[in-house]
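Inspection log for the structure reproduced underneath, given as structure tokens.
Note: hydrogens, waters and symmetry copies are ignored here, and every other heavy atom, side chains too, is used. All figures in this text were calculated on a predicted structure; none of them were measured in a lab.
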Amino acid sequence: LQVDRGPAADLWPLYALVGQSQQTVAAGSSLGAMSFRVHNYAAAAWSGLIPYEVVLSADSLITGGDRVIHSGTLSLRAGIDPLATYGALISDLTLPADVAAGRWFLGVRLLVSDADTGNNVTGGDDVDWVNVTCPAPPIPWVGTPADGAECVPRDDATLIWGDLGAGYT
């Protein structure tokens with residue numbers, strides 16, 4: 001292993017884990033905190049900022065076409081020494097409301113120019129997943145006019161009622 005460690009820093013994101021790990025959550029709700037690690041595999045230290053993205057994917061392989069749901073920057077005063085690992089924490093991560101129901105994977109993409117940009121995303125064993133359900137549709141509301149307002153009967157309005165849950169996303 002010592003032989004293939006290069007002279008320039010090489011960062012790898014590892015062990016993405018959300019607070020609602022492997023649980024069922026509704027689209028639009030909080031996933032709780034998210035943690036991940038950044039490992040410097042190289043023989044050289046890393047110094048400087050580490051911009052990153054949290055990515056939502058339909059499979060465990062994070063690619064450029066996956067959806068970014070959070071971005072941020074790690075600012076490390078001391079950097080990351082060779083073969084050292086830094087733990088990162090996002091205090092609260094929210095799942096977008098328009099995510100379709102199903103199993104979704106969460107990973108991290110580092111936006112750095114290091115020795116090997118091909119390993120700057122979490123691999124299949126380092127992503128986490130959640131089962132997403134669609135939120136319940138809003139409860140219909142039929143109200144009365146405010147005090148002093150006039151209520152004018154209308155015959156051009158149609159109220160349609162039915163089970164729209166299957167088409168609600």
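Smallest separation of non-hydrogen atoms from S35 and L89: CB-CD1, 4.2 Å. Closest of all the heavy-atom pairs between D66 and L61 is OD2-O, 3.4 Å. Heavy-atom minimum distance, A43 versus P82: O-CG, 3.3 Å. The nearest pair of heavy atoms linking P13 to V121 is CG-C, 3.5 Å. Minimum interatomic distance between V132 and L95 (heavy atoms only, all atoms of both residues): CG2-CD2, 3.5 Å. Minimum heavy-atom separation, S113 to W46: O-CZ3, 4.2 Å.
Side-chain heavy atoms closer than 4.5 Å link hydrophobic residues (I, L, V, M, F, W, Y) into clusters, and following such links, even through other members, never connects L17 to V127. In the hydrophobic clustering of this structure, F36 groups with V18; members are Ile, Leu, Val, Met, Phe, Trp, Tyr whose side-chain heavy atoms approach within less than 4.5 Å, directly or through other members. Side-chain heavy atoms closer than 4.5 Å link hydrophobic residues (I, L, V, M, F, W, Y) into clusters, and following such links, possibly through other members, connects V55 to W129.
Between R109 and V68 the shortest side-chain heavy-atom distance falls below 4.5 Å. Between M34 and V54, some side-chain heavy-atom pair lies under the 4.5 Å cut-off. The closest side-chain heavy-atom distance from W104 to V99 is below 4.5 Å. Side-chain contact check for L83 versus N40: every heavy-atom pair is 4.5 Å or farther apart. Contact annotation: the side chain of S21 never approaches that of V130 to less than 4.5 Å [non-hydrogen atoms, C-beta and beyond].
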Exercise. Could you please spell out the steps behind the side-chain contact (heavy atoms from CB on, under 4.5 Å) verdict for V25 and N131?
Key: CA-CA 6 Å; V25 296; N131 283 319; over 6 Å; no
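The CG atom of L106 lies 12.0 Å from the OG atom of S60; values are rounded to the nearest 0.5 Å. Put simply, OG1 on T85 and CZ on R37 are 7.0 Å apart, with the number rounded to the nearest 0.5 Å. With rounding to the nearest 0.5 angstrom, the CG atom of L11 is 14.0 Å from the OH atom of Y41. Atom OH of Y86 is separated from atom CD1 of I80 by 8.0 Å, given to the nearest 0.5 angstrom. Between atom CD1 of residue I69 and atom OG of residue S57 there is a gap of 11.0 Å, rounded to the nearest 0.5 Å. The CH2 atom of W12 sits 12.0 Å away from the CG atom of L110 when rounded to the nearest 0.5 Å.
Side-chain contact of N119 with D10: a donor-acceptor pair under 3.5 Å is present, judged by distance alone.
For the pair D114 (side chain) and A8 (backbone), a donor-acceptor distance under 3.5 Å is absent.
A salt bridge between R67 and D98 is present, with a side-chain N of the basic residue lying under 4.0 Å from a carboxylate O of the acidic one.
Of the candidates L111, V38, L74, L74 is the only one forming a side-chain contact (heavy atoms from CB on, under 4.5 Å) with Y52.
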